[in-house]
Amino acid sequence: MLYQVSLRKFPKFGSVRFLSLFACTALLVAGQTSTPLAASPVQADKSAREYQMQVEYAGNVTSLASPEVEQPETLPLKVQGQFAFSQERLDNRSALRNYRRAAAEITLGPSTSTNELSEGNRQLKARLANSQLTRPIQYLSAGGLLKQSELDLLTLPADPLSFPLLFADRKTETGAEWRPSDYAVQTFLAAENLIENDVKITVKEATGTSIKLYLTGDAKAEIEGATARFQIVGLALLDAQSGEVRGLRLTLDEKRTASQLAPAFEGQVKVDVRIVTAEEARRIDAAAAAAARKDANTPVRLLWSTDSEFELVYDPRWKIILSEPETVIMRYADQGNLLAQCSILQLPRRPADRPLSLEDFRAEVQKLLAEAPGAMVSAGSLSTRNGLSVHKVVVTGKQDDVQIDWLYYHAAHPDGRRVALIFTLEHEVALTFQGADERLLEAIRFATPKTAQAESGEEIK
């Protein structure tokens with residue numbers, strides 16, 4: 001048999017991978033004597049600023065229950081991270097950043113790992129997303145493509161790009177308060193959707209040079225297909241004239257349910273952000289800023305690569321659930337709804353002059369149907385823009401009284417290297433999912449063979 005794959009809908013995996021829950025924290029300067037001031041709009045100051053952020057994250061994660069695991073394991077989680085970057089505002093919706101430091105130490109149960117931004121991805125563009133029901137801030141590397149772990153590292157509550165939204169309608173009289181907009185709170189919490197917003201901002205002190213604000217309240221949001229409840233306590237220090245946030249300290253008590261994209265979390269996030277002095281700031285190169293402005297509508301793409309012979313450049317709506325040298329399992333969520341799962345497996349190489357025929361591929365899929373109920377409904381061949389030859393077989397059947405479609409793909413490079421892709425989705429969402437499978441096919445790239453041994457490969461008799 002060419003490969004083995006479970007036909008169960010969205011199978012559960014043993015290891016918990018939970019690297020995307022981060023927050024940041026910073027130091028504040030105490031306010032002075034309070035005096036009322038006239039409000040002024042937040043300015044999009046385009047001069048570079050140097051930000052320092054710290055992370056403290058503590059709580060417990062619990063994976064999603066399933067028929068196989070009725071009592072899922074709960075593990076303690078602790079995150080400590082350090083971030084330092086220069087930021088130059090390009091406009092009111094985007095900024096160019098140079099990261100000097102971006103790393104987090106993650107302790108999950110007995111295991112400790114480090115997540116760090118690679119050297120080639122230290123210069124980034126951060127921008128507010130135009131689409132709804134997605135993470136509100138997007139990050140694009142000037143030097144290449146981010147991996148999912150790097151995107152998780154950067155996706156934090158209290159990103160400085162959210163500050164102008166949060167404090168746009170600020171008041172300046174001591175004791176005055178207001179409620180920020182739903183979009184501002186959604187962006188501040190790095191959530192895909194805001195369900196409830198009971199957050200208020202109160203002026204604690206105001207002087208001729210600074211304004212000290214309290215942030216308090218509750219919020220309910222959707223993140224990674226789960227519901228998250230927050231209790232928010234924060235303190236912000238603003239420049240009285242420009243409205244720029246000089247520092248922010250935030251505590252989030254969070255309770256998040258489990259989803260098929262991430263486990264449940266219950267714990268506390270602490271966020272500190274501050275701007276350091278002008279002497280410490282690093283000016284961003286003007287040519288890089290000009291190039292970033294030209295790429296205003298560049299789509300966000302992520303990179304998956306290991307030591308295997310293939311890699312993926314893919315839409316971030318795909319979430320990696322399992323990553324191994326020759327296997328990757330991904331789940332596809334659009335506008336907060338989980339639609340499909342895809343398993344991609346590297347196969348042994350065939351001789352270039354003996355490619356697998358469609359009939360042989362049909363026969364291999366037919367063997368799988370002997371192990372699980374299902375009916376083959378179509379089969380055909382196509383080619384990708386990258387020159388891969390592809391066979392496709394569609395199977396439909398019922399699982400737990402739900403009509404399920406399985407899309408089997410065999411993609412072959414002209415030199416004989418191959419991968420298999422198996423998509424699993426409910427039949428009723430096939431129209432919504434339409435085209436996402438073929439776009440992922442187009443994302444497959446085969447690396448240049450590294451050695452003569454790689455050139456020879458393993459043949460199938």
Side-chain angles (χ1 to χ4, degrees), residues 6 10-25 53-66 68-83 99 101-119 121 135 139 146-157 190 223-226 228 251-272 302-308 311-312 316 318-331 333 341 343-346:
S6 169
F10 307 145
K12 170 156 182 63
F13 304 102
S15 60
V16 177
R17 304 178 187 275
F18 194 67
L19 305 181
S20 59
L21 288 175
F22 292 105
C24 1
T25 16
M53 308 174 70
Q54 299 178 10
V55 173
E56 294 181 11
Y57 206 102
N60 295 294
V61 295
T62 306
S63 57
L64 186 67
S66 69
E68 297 90 349
V69 183
E70 296 182 1
Q71 296 294 330
E73 184 179 13
T74 296
L75 295 173
L77 173 71
K78 184 177 181 181
V79 176
Q80 292 183 316
Q82 299 286 336
F83 301 84
Y99 279 84
R101 182 170 63 255
E105 183 178 86
I106 304 157
T107 301
L108 182 62
S111 303
T112 298
S113 61
T114 299
N115 189 7
E116 185 172 5
L117 199 61
S118 66
E119 289 293 334
N121 287 330
R135 288 297 180 94
Y139 305 90
L146 294 173
K147 293 186 177 182
Q148 181 174 295
S149 59
E150 294 177 302
L151 179 61
D152 290 342
L153 178 68
L154 296 170
T155 304
L156 305 170
I223 300 177
E224 298 285 355
T251 299
L252 299 173
D253 289 320
E254 181 179 353
K255 291 184 178 180
R256 186 186 302 192
T257 62
S259 75
Q260 299 209 55
L261 298 176
F265 171 76
E266 183 170 353
Q268 189 174 82
V269 180
K270 291 186 176 180
V271 178
D272 276 12
L302 298 178
L303 172 67
W304 177 86
S305 64
T306 66
D307 292 332
S308 63
E311 62 184 17
L312 302 170
W318 286 103
K319 179 81 172 179
I320 294 175
I321 303 301
L322 179 68
S323 178
E324 295 181 348
E326 297 180 354
T327 305
V328 58
I329 298 178
M330 315 171 78
R331 287 176 179 167
Q341 176 169 298
S343 301
I344 307 176
L345 306 93
Q346 180 176 311

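We're numbering straight along the sequence, starting at 1.
Although no hydrogens or angles enter the test, the distance criterion places no donor-acceptor pair under 3.5 Å between the side chain of Ser63 and the main chain of Pro72. The main-chain N or O of Ser149 is found under 3.5 Å from a side-chain atom of Asn115 such that the two form a donor-acceptor pair. Between the side chain of Glu150 and the backbone N or O of Ser118 there is at least one donor-acceptor pair closer than 3.5 Å.
For the atom pair OG1 (Thr155) and CD (Glu224), the distance works out to 8.5 Å, reported to the nearest 0.5 Å. Here the CD1 atom belonging to Ile320 is positioned 11.0 Å from the CD1 atom belonging to Ile329, to the nearest 0.5 angstrom. From Gln71, atom CD reaches atom OG1 of Thr62 across 10.5 Å, with rounding to the nearest 0.5 Å. Remark: Lys78 NZ to Gln80 CD distance equals 4.5 Å, nearest 0.5 Å. Taking CD from Glu326 and CD from Gln346, the interatomic distance works out to 4.5 Å, rounded to the nearest 0.5 Å. Distance check, rounded to the nearest 0.5 Å: CZ of Arg256 to CD of Glu266 gives 12.5 Å.
Scanning both residues, Lys147 and Leu302, for their nearest heavy atoms gives O-CD2, 4.4 Å. Counting all heavy atoms, side chain and backbone alike, Val79 lies closest to Ala104 at CG1-CB, 4.1 Å. Of all heavy-atom pairs between Gly225 and Leu261, the closest is N-CD1, 4.4 Å. Taking both residues in full, the closest heavy atoms of Leu153 and Ala102 are given as CD2-O, 3.5 Å, listed atom of the first, atom of the second, then distance. Of all non-hydrogen atoms in Ser323 and Thr306, the two that sit nearest each other are OG-CG2, 4.1 Å. The two atoms that bring Leu146 and Tyr139 nearest to each other are CD1-O, 3.5 Å, heavy atoms only.
By the 4.5 Å heavy-atom criterion applied to side chains, Tyr99 and Asn121 are not counted as neighbours. You'll find the side chain of Met53 reaches within 4.5 Å of the side chain of Leu156, heavy atoms only. At a threshold of 4.5 Å between non-hydrogen side-chain atoms, the residues Leu64 and Gln260 count as touching. For the pair Arg135 and Ile223, the minimum side-chain heavy-atom distance is below 4.5 Å. For the pair Leu312 and Trp318, the minimum side-chain heavy-atom distance is 4.5 Å or more. Taking 4.5 Å as the limit, some side-chain heavy atom of Ile321 sits within range of a side-chain heavy atom of Lys319. Residues Leu117 and Phe83 form no side-chain contact, since every pair of their non-hydrogen atoms from C-beta on lies 4.5 Å or further apart. A 4.5 Å side-chain heavy-atom check between Gln82 and Gln54 finds at least one atom pair inside the cut-off.
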Yes or no on side-chain contact (heavy atoms from CB on, under 4.5 Å) for Val55 and Val269, after CA distance, side-chain angles and deciding distance? CA-CA 8 Å; Val55 173; Val269 180; over 6 Å; no

Walk me through it: do Glu324 and Ser308 pass the test side-chain contact (heavy atoms from CB on, under 4.5 Å)? CA-CA 9 Å; Glu324 295 181 348; Ser308 63; over 6 Å; no

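Checked against a 6.0 Å centroid threshold, the rings of Tyr57 and Phe265 count as neighbours.
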